[in-house]
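All of these numbers come straight from a predicted model, not from anything done at the bench. Throughout, protein chains are lettered first and strands after them, A, B, ... in sequence-line order, and every chain is numbered starting at 1.
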Amino acid sequence: MQLFKDQILKVSNSLTGEKEVFKTVKEGYVGMYVCGPTVYSNVHLGNCRTFMSFDMIFRYLKHLGYKVRYVRNITDAGHLENDADEGEDKIAKKAKLEQLEPMEVVQRYTVDFHETLKAFNLQPPSIEPTATGHIIEQIEIIKEILAKGFAYEVNGSVYFDIIKFSESNTYGKLSGRKLEDMIANTRDLAAQDEKRNPQDFALWKKAEPQHIMRWPSPWGDGFPGWHLECTAMSTKYLGETFDIHGGGMDLKFPHHECEIAQAEASSGHSPVNYWLHANMLTLNGKKMSKSTDNNIYPDEIFSGDNRILSKPFAPSVVRFFMMQAHYTSILDLGNDALLASEKGYYRLMDALKTLEKIEPSESSSFDVANWQKACYDAMNDDFNTPVLIAHLFDAVKRINLIKEGQETISKADKKVLQDSVNTFVFDILGLVDQDNNDNNATTINGVINLLIDLRNNARANKDFATSDKIRDELLTLGVQLKDGKEGTTFSLN
RNA sequence: GACAAGGUGGCUGAAUGGUUAAGGCAAUGGUCUGCAAAACUAUUUUUUAUGAGUUCGAAUCUCAUCCUUGUCUCCA
């Protein structure tokens, strides 16, 4: 199915600041690159939001029938700790700190990263390349940039020449900065700097003798600059011009700006057609920060072992919470917001179960095709998941009304409704039914149904002491019984 | 200081020029129930940080002020 031929998708392009109709370089194919994590510590919840947003975008593009190649890198080298002097990178610093091999640090946090994303039900990207695996490609790009005259070598390091680049190109078009302003705003503190201009950035840094992570190059032993890996890997796997480049807002400048400069300098044209930026996540209205203790890790949310939330929350609840906001908006995480999302999430999941059991009628009392279209319209409007979720709750209401006998649905419409709800909830939003995810689910269901039988017998005999005991004690165990016209059902919270 | 994204009800969060400002949560009443819960249903912001302006019409456009977040040094 090639839905993309009928659906008109619009995306917010940070490069133009406008919502544009999405048109791929090659019909039917999408190349998407998202800046991945630097694996020197446990993955941050804010990072998770960004990757979750692009996971949803990845899923929707695939649903539309595109063949998507989604590349998300692992930065395992190249992050300078302090650009001005010794040029020690983040991975190497952590390694010394913990008395580990750099690659041991990389391995540990890569595993943590993958486990966390898996808990949030993110699909793996098509390719997950590492910076250290692409040193040769990075060196080749540096040679190209040097040959075109947009870089210079100083004492074993190579820097990108912003002034030279600006003579023929525009540096700062993504972030809305002007080079003159940047120069005017820079206090010239680094007099000992090798760079000709403070705006210049490193393509290659010379490794001091004690530096552990090092590779040979035409300019001596050293390591690549941070911005370069993304250019090298995106070009290698997606080509010199590809469709979507994503990342967090905070990467807009300088990282993405530098990527544009590097690509334009080496290949001669703009690398990306649509720049998509996910917005930040705050915690209780303030930025997340380890130093002020206003910080929480995914594990701590799942386990409840934290000082910020009143109870543990399932990964799908957190994912649902994030999907209730648009990816370009700042989202604030807090206890009340998560509690509200949890309620809504379980209401949605319950309705999906109700839908399975519903008896179809001759005709439908509402327009299912129209409802389905509204869902697509929401997603086509720059992946507007909050509006999609509003429509899903409209479906929830209909489902419950059908169950009450106040609405009807035909057999054909029931199938359409069921298919689309499942598609949007599980395939596109990437939610998981936490209850059915349990291996012991069958056993638990059997036991609870037995208790429901016993309770209903007691109720029939007007033995309310017994029936209430069953109901109340189940509730404290997290099992909520629901008496309806068709009998008693339950949900696990 | 410069640049960027924002400021919407009790909380969360959509809607960027057009009749009643979506949805979730919360609260209150009703239906249902042995009672509750769930579900359904009605009600709850008379108004979109503040002030001025443009317009027949503004949350939406313009200007000013205040505030939040991000970036300018590594950061999703």
Visitor: Scan nucleotides 35-42 of chain B nucleotide by nucleotide, 5' to 3', and note B when protein non-hydrogen atoms come under 4.0 Å of the base, S if they reach only the sugar-phosphate, - if neither.
Guide: BBBBSSS-
Visitor: Answer yes or no: is there an ion pair linking Lys373(A) with Asp377(A), defined by an N-O contact shorter than 4.0 Å?
Guide: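 Yes, charged N to carboxylate O under 4.0 Å.
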Visitor: Taking atom C1' in both A42(B) and U68(B), compute the distance separating them and give it to the nearest angstrom.
Guide: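 Each nucleotide's C1' atom is 37 Å from the other's.
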Visitor: Taking the cut-offs as 6.0 angstrom to the six-membered ring centre and 45 degrees off its axis, would you call Arg72(A) and Tyr33(A) a cation-pi pair?
Guide: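 Pair Arg72(A)/Tyr33(A) does not count as cation-pi.
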Visitor: With rounding to the closest Å, how many angstrom separate the P atoms on U48(B) and U8(B)?
Guide: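 U48(B) and U8(B) have their P atoms separated by 12 Å.
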Visitor: Got a donor-acceptor contact below 3.5 angstrom from the Ser341(A) side chain to the Leu338(A) backbone?
Guide: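 Side chain of Ser341(A) to backbone of Leu338(A), a donor-acceptor pair under 3.5 Å: no, none is there.
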Visitor: May I ask you to verify if any side-chain N or O of Lys287(A) is less than 4.0 angstrom from the OP1 or OP2 atom of G70(B)?
Guide: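 For G70(B), OP1/OP2 do have a side-chain N/O of Lys287(A) under 4.0 Å.
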Visitor: Any base atoms under 4.0 Å from Ala325(A), or only sugar-phosphate, or nothing? Heavy atoms, all strands.
Guide: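 The residue Ala325(A) makes sugar-phosphate contact but no base contact.
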Visitor: Mind checking if His391(A) touches a base, just sugar-phosphate, or nothing, with heavy atoms under 4.0 Å?
Guide: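 Result for His391(A) = nothing.
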Visitor: Taking atom C1' of C3(B) as reference, at what distance in whole Å does atom OH of Tyr171(A) sit?
Guide: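 It is 13 Å, rounded to the nearest whole Å.
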Visitor: Is it true that Asp381(A) and Lys19(A) make a salt bridge, defined as a side-chain N closer than 4.0 Å to a carboxylate O?
Guide: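 Yes, charged N to carboxylate O under 4.0 Å.
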Visitor: Using ring pair (Phe, Tyr, Trp, His ring centres under 6.0 Å) as the criterion, point out the one residue from Trp204(A), Tyr171(A), Phe201(A) that pairs with Phe160(A).
Guide: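 Result for ring pair (Phe, Tyr, Trp, His ring centres under 6.0 Å) with Phe160(A): Phe201(A).
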Visitor: In terms of ring plane angle, is the pair His227(A) and His255(A) parallel, tilted or perpendicular, where the classes change at 30° and 60°?
Guide: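 Rings of His227(A) and His255(A): tilted, 30 to 60°.
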Visitor: List, with names and distances, any nitrogen or oxygen atoms from the protein found under 3.5 Å away from nitrogen or oxygen atoms belonging to nucleotides 4-8 of chain B.
Guide:
| from | atom 1 | to | atom 2 | distance (Å) |
| --- | --- | --- | --- | --- |
| A5(B) | O2' | Asn279(A) | ND2 | 3.2 |

Visitor: Using a heavy-atom cut-off of under 4.0 Å over every strand shown, decide if Gly46(A) touches base, sugar-phosphate, or nothing.
Guide: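 Base contact - Gly46(A) has a heavy atom under 4.0 Å of at least one base atom.
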Visitor: Would you please indicate if the ring centroids of Phe320(A) and Tyr346(A) are separated by under 6.0 Å?
Guide: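 No, too far apart.
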Visitor: Within the 4.0 Å heavy-atom criterion, would you say Leu281(A) contacts the bases, only the backbone, or no part of the nucleic acid?
Guide: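 Since a base atom lies under 4.0 Å of Leu281(A), the category is base.
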Visitor: What integer number of Å spans the C1' atoms of A15(B) and U54(B)?
Guide: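 Their C1' atoms lie roughly 22 Å apart.
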Visitor: Roughly how many Å apart are G53(B) and A58(B), using the C1' atom of each and rounding to a whole number?
Guide: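 Going atom to atom, C1' in each nucleotide, I get 12 Å.
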Visitor: For the pair made of NE2 in His255(A) and P in U71(B), what is the distance, rounded to whole Å?
Guide: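 Going from His255(A) (NE2) to U71(B) (P), I get 14 Å.
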Visitor: Is Arg319(A) positioned over the aromatic face of Phe120(A), cation under 6.0 angstrom from the ring centre and no more than 45 degrees off axis?
Guide: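 No - Arg319(A) does not lie over the ring of Phe120(A) by the 6.0 Å and 45° rule.
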Visitor: When the P atoms of U73(B) and C66(B) are considered, how many whole Å apart are they?
Guide: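 Their P atoms lie roughly 26 Å apart.
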Visitor: Take the protein atom CG of Asp250(A) and the nucleotide atom C1' of C3(B), then report the distance between them rounded to whole Å.
Guide: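 In whole Å, C3(B) C1' lies 15 Å from Asp250(A) CG.
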Visitor: Is the distance between the ring centroids of His391(A) and Trp371(A) under 6.0 Å?
Guide: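 So the answer is no for these two rings.
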Visitor: Looking at Glu128(A) and Ile74(A), would you say the former's side chain and the latter's main chain have a donor-acceptor pair under 3.5 Å?
Guide: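 No; judged by distance alone, with no hydrogens or angles, the pair does not exist.
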Visitor: Among G24(B), A22(B), A14(B), which is the nearest nucleotide to the side chain of Gln324(A)?
Guide: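 The answer is G24(B), which lies nearest to the side chain.
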Visitor: Counting only N and O atoms by type, is there a donor-acceptor contact under 3.5 Å from the side chain of Asn13(A) to the main-chain atoms of Leu15(A)?
Guide: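 Such a contact is found between Asn13(A) side chain and Leu15(A) backbone.
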Visitor: For Glu229(A) and C74(B), what is the distance between atoms CD and P respectively, to the nearest whole Å?
Guide: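 Nearest whole value for this atom pair: 14 Å.
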Visitor: Take the protein atom CG of Asp381(A) and the nucleotide atom C1' of A22(B), then report the distance between them rounded to whole Å.
Guide: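 In whole Å, A22(B) C1' and Asp381(A) CG are 13 Å from each other.
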Visitor: Whole-Å distance between C74(B) C1' and Phe201(A) CZ?
Guide: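 So the two atoms are 15 Å apart, to the nearest Å.
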Visitor: If a pair means Watson-Crick or G-U wobble with both distances below 3.5 Å, what does RNA chain B look like in dot-bracket form, with | marking bases paired to a different strand?
Guide: (((((((..(((.....[....)))((((((.......))))))....(((((..]....))))))))))))....
Visitor: Side chain of Phe464(A) only, heavy atoms from C-beta on: which candidate in G24(B), A76(B), G34(B) is closest?
Guide: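 Nucleotide nearest to Phe464(A)'s side chain: G34(B).
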Visitor: With sugar-phosphate meaning primed atoms plus P, OP1 and OP2, does Asn384(A) contact a base, only sugar-phosphate, or nothing at under 4.0 Å between heavy atoms?
Guide: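 If one applies the 4.0 Å heavy-atom cut-off, Asn384(A) turns out to touch the sugar-phosphate alone, with no base involved.
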Visitor: Starting from the C-alpha separation in whole Å, work towards a yes-or-no answer on side-chain contact (heavy atoms from CB on, under 4.5 Å) for Phe253(A) and Leu174(A).
Guide: CA-CA 8 Å; Phe253(A) 189 90; Leu174(A) 181 65; over 6 Å; no
Visitor: What do you reckon, are the aromatic ring centroids of Phe51(A) and Phe58(A) less than 6.0 Å apart?
Guide: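 Here the rings of Phe58(A) and Phe51(A) have centres that are no less than 6.0 Å from each other.
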Visitor: Between A39(B) and A76(B), how far apart are the two C1' atoms, rounded to whole Å?
Guide: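 Looking at atom C1' only, A39(B) and A76(B) are 41 Å apart.
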Visitor: Mind calculating the distance between OH (Tyr345(A)) and C1' (C25(B)) to the nearest angstrom?
Guide: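 Result: 17 Å.
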Visitor: Could you say whether Asn47(A) or Gly285(A) is positioned toward the 5' end of RNA chain B, judged by the nucleotide with the nearest heavy atom to each?
Guide: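 Going by which nucleotide is closer to the 5' end, it is Gly285(A).
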Visitor: Say you pick atom P in G7(B) and the same atom in U50(B); how far apart are they, in whole Å?
Guide: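 About 13 Å, rounded to a whole number of Å.
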Visitor: Would you please classify the geometry between the Phe22(A) ring and the Tyr274(A) ring as parallel, tilted or perpendicular, with 30° and 60° separating the classes?
Guide: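 Geometry flag for Phe22(A) against Tyr274(A): tilted rings.
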Visitor: For C61(B) and A4(B), measure between their P atoms and round to the nearest Å.
Guide: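 Comparing P positions in C61(B) and A4(B) gives a spacing of 15 Å.
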Visitor: Please give, in whole Å, the distance from C11(B) C1' to Leu338(A) CG?
Guide: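 Taking CG of Leu338(A) and C1' of C11(B), I get 12 Å after rounding.
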